[in-house]
Amino acid sequence: MSTPHHDLDVTQARYSTSSDVDDDKQHDEYRENVASQKPHVPTAAERQERLAAALAADPGVAPWSWRAIQTLLIVLCTCCCSGDSGFDGTVMGGINSMVQYQQYFGLASAGAKTGIIFGIFTVGSLCGALPAAYLPDKFGRRFSMFFGNAILIVGAVITANAKNKSMFIGGRFLTGLGSACAGASAKSYLVEITSPKSRGLWLGVLNSFYYVGQMAATGMMVSTGNFYGSKTELAWRLPLYIQAVPAGLNVIFVFLCPESPRWLYSRGKTDQARQILANLHSRGSDPNSPLIQLEMEEIEERISLDGTDKRWWDFRSLFTTRSDRYRSAMCIMIGAFGQLSGNGLITYFLPVLLEQAGIIDQHKRLVLNFVNSVTSMIGALIGASIVDRFGRRNLLLLSTGSLVILLAIINGLLSNPYGNSTRANAGISFVYLFMVVFSFGWTPMQALYPAEVLSYQSRAKGLAFLNVVVQASSCINTFGLPVALEKIGWKVYIIFLVWDSFEFLVIYFFAVETKGLTLEEMDDVFAHEKPKAYSIAKQRDFVEKKKEAARALKSSA
């Protein structure tokens, strides 16, 4: 495969072997010739055609081969970072409804003091944006995950052993800081090592592990909530200890995983980056495969060895050009909408909502909280399994439109829950369905979409910035919702109904489609005057090119 560098080498050789001119004239002519030769930048259509042909020649790692299993193990290790945050939100929602916890700290299930307990995790997460912006680019994606999870383990141990509210709050601050750092690094890492055709699935699985943490927390609290007598503190302390388990698994195994090939290339380790790509993406682990050649060419074209990712303080790449601003706007959209669609209300305060709907038995509320975790994860995994075929934009539109309809039904059923038990139970059923639909569309996209749309040099900082947006939005859930539930009760659903309608319109008019594109091809989409329309047209072209390449390969065989 000829490259611009190869052409220049040939030109240099021709001039250096000439005996008809003196050395000075030869040197001047060579410089003029080099200056006149501009590397050919492939068009979007050429990229699509080459990618389709490369995939036809090398379809990637065979399913259920040993290397596919290795990839799965790498994904599972990375997914522990997502289980961290899922565990925290749900364990706090569960123990917040426990009489044992309320009596120990003198708190109520809702109100300003409870908002502080919940909100300090958000404050810690906001502070975690600093190491999340610096560590992944400086020391690698794996080290940043290790560091974040180590901090989280310390915070979990402090919280589980808290003797007063100050100690409890301090531990939750550390868990928030560590979770934010590890989570942002995990998204960067996974999006950079997975292939374009399976990236949606694996990033969807990453965020779906949020519910693994939820299930671990809620399942344990079903049992610990029944502790009485001398062991009453264990009802809420044991779940907090378990919060350290997924973080501990990542700390133990993360350095057994390969480093991000894009980070390695940015540090000048080209051969190592190429071999890792071959091991993870090529069916024959061939570093000279057409698919690996294409991926390396795009990485070489797009990743600067002296980019802003080398300067931890330089966030200009997020806002310098129109393309950069559009990418950042997509991250803000996902970060804010992913927290303010009504899911935060249910994640943190489902036991309180159940109580307001007339379910006053503590054990029953904890069981229903566990059931919500299971059904939500099922929805998330279904969404992750189809996102690479159905498309990112389509999945967001379908799920958000469905949420608007469900919220309208919930508002009608829960407007007077104590008046009719059948009506209240129906309303709670739709609350569960709401979380299934949210998880189906939004859980995979919260990890996948921001990591896809950001360029390499902006990815670590962009995901750190995304975390700031997410946690700032979460402040509304953690500080505002306890007070809102206390003051206006079920009317909170009306607020989310209006907001989700606004979300649907924004997604329809602005969200781009990124399905099937390499990370470097995203540059072409966002550089276009109309990124949304161009991305949709690009998807149609890619499907056609892929079919043509498959037919050509079949006929030649």
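Values in this document were obtained by computation on a predicted structure and should not be read as measured data.
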> Under a 3.5 Å distance rule, please check whether Ser385 uses its side chain to pair with a backbone N or O of Ile382 as donor and acceptor.
yes

> Checking salt bridge (Lys or Arg N to Asp or Glu O under 4.0 Å) for the pair Glu259/Lys269: CA distance, chi angles, key distance, verdict?
CA-CA 11 Å; Glu259 183 55 88; Lys269 301 177 181 180; over 6 Å; no

> Looking at every non-hydrogen atom in both residues, tell me the closest pair between Phe139 and Trp263 and how far apart they are.
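Minimum heavy-atom separation between Phe139 and Trp263: C-CZ2, 3.6 Å.
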
> Under 4.5 Å between any side-chain heavy atoms of Leu280 and Ile74, yes or no?
yes

> Could you tell me whether Phe430 atom CZ has more than 12 heavy atoms of other residues or ligands within 6.0 Å of it?
no

> For Phe438 and Phe434, take the angle between the two ring planes, folded into 0 to 90°, and tell me which bin it lands in: parallel under 30, tilted 30 to 60, perpendicular over 60.
parallel

> State, yes or no, whether a side-chain contact exists between Ile193 and Thr78 at a heavy-atom distance under 4.5 Å.
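Sidechains of Thr78 and Ile193: no contact.
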
> Grab the two heavy atoms, one from Asn394 and one from Glu513, that are nearest each other, plus how far apart they are.
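The answer is N-OE1, 4.0 Å.
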
> Which atom names give the shortest non-hydrogen contact between Met330 and Tyr449, and what distance separates them?
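Taking every non-hydrogen atom into account, SD-OH, 3.7 Å.
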
> For residues Asn149 and Cys81, determine if any side-chain heavy atom of one lies less than 4.5 Å from a side-chain heavy atom of the other.
yes

> Should the pair Trp499 and Phe502 be assigned to parallel (<30°), tilted (30 to 60°) or perpendicular (>60°) ring geometry?
tilted

> Quick one: does Ile158's side chain get under 4.5 Å of Val154's, heavy atoms only?
yes

> My understanding is that only residues two or more places apart in sequence, or in another chain, count here; which of them pass salt bridge (charged side-chain N to carboxylate O under 4.0 Å, His left out) with Asp324?
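Applying salt bridge (charged side-chain N to carboxylate O under 4.0 Å, His left out) to Asp324 gives none.
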
> Working to the nearest 0.5 angstrom, can you tell me the gap between Phe253 CZ and Arg142 CZ?
15.0 Å

> Can you name the ring-ring contact (aromatic ring centres under 6.0 Å, His included) partners of Phe173, sequence neighbours left out?
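None.
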
> Side-chain contact, heavy-atom cut-off 4.5 Å: Gln339 with Gln446?
yes

> Other residues, nucleotides and ligands only: do more than 12 of their heavy atoms fall within 6.0 Å of CZ on Arg389?
no

> Nearest 0.5 angstrom please: Arg267 CZ to Ser260 OG, how far?
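It comes to 11.5 Å.
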
> In the structure I gave you, are the side-chain heavy atoms of Thr400 and Phe337 within less than 4.5 Å of one another anywhere?
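No, side chains not in contact.
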
> Do Tyr189 and Met145 have side chains that get closer than 4.5 Å, going by heavy atoms?
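Sidechains of Met145 and Tyr189: in contact.
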
> Looking at every heavy atom in both Ile242 and Pro246, which two are closest together, and how far apart are they?
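Taking Ile242 first and Pro246 second, the nearest heavy atoms are O-CD, 3.6 Å.
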
> Identify the two heavy atoms, one from Gln243 and one from Leu152, that lie closest to each other, and give their separation to 0.1 Å.
O-CD2, 3.8 Å

> To the nearest 0.5 Å, what is the distance between CD1 (Ile334) and CH2 (Trp442)?
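Ile334 CD1 to Trp442 CH2: 4.5 Å, rounded to 0.5 Å.
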
> Aromatic contact between Phe319 and Phe465, with the criterion being ring centroids under 6.0 Å apart: yes or no?
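Between Phe465 and Phe319, which both carry aromatic rings, the centre distance is below 6.0 Å.
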
> To the nearest 0.5 Å, what is the distance between CD on Glu192 and OG on Ser266?
8.5 Å

> Which atom pair, heavy atoms only, marks the closest approach of Leu264 to Ala273?
CB-CB, 4.1 Å

> So, Arg199 side chain and Asp388 main chain: donor-acceptor pair closer than 3.5 Å or not?
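No: the side chain of Arg199 does not pair with the backbone of Asp388.
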
> I want to check something: taking the side chain as every heavy atom from C-beta on, are Ser144 and Cys181 in contact at a cut-off of under 4.5 Å?
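Of all side-chain heavy-atom pairs linking Cys181 with Ser144, at least one is under 4.5 Å.
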
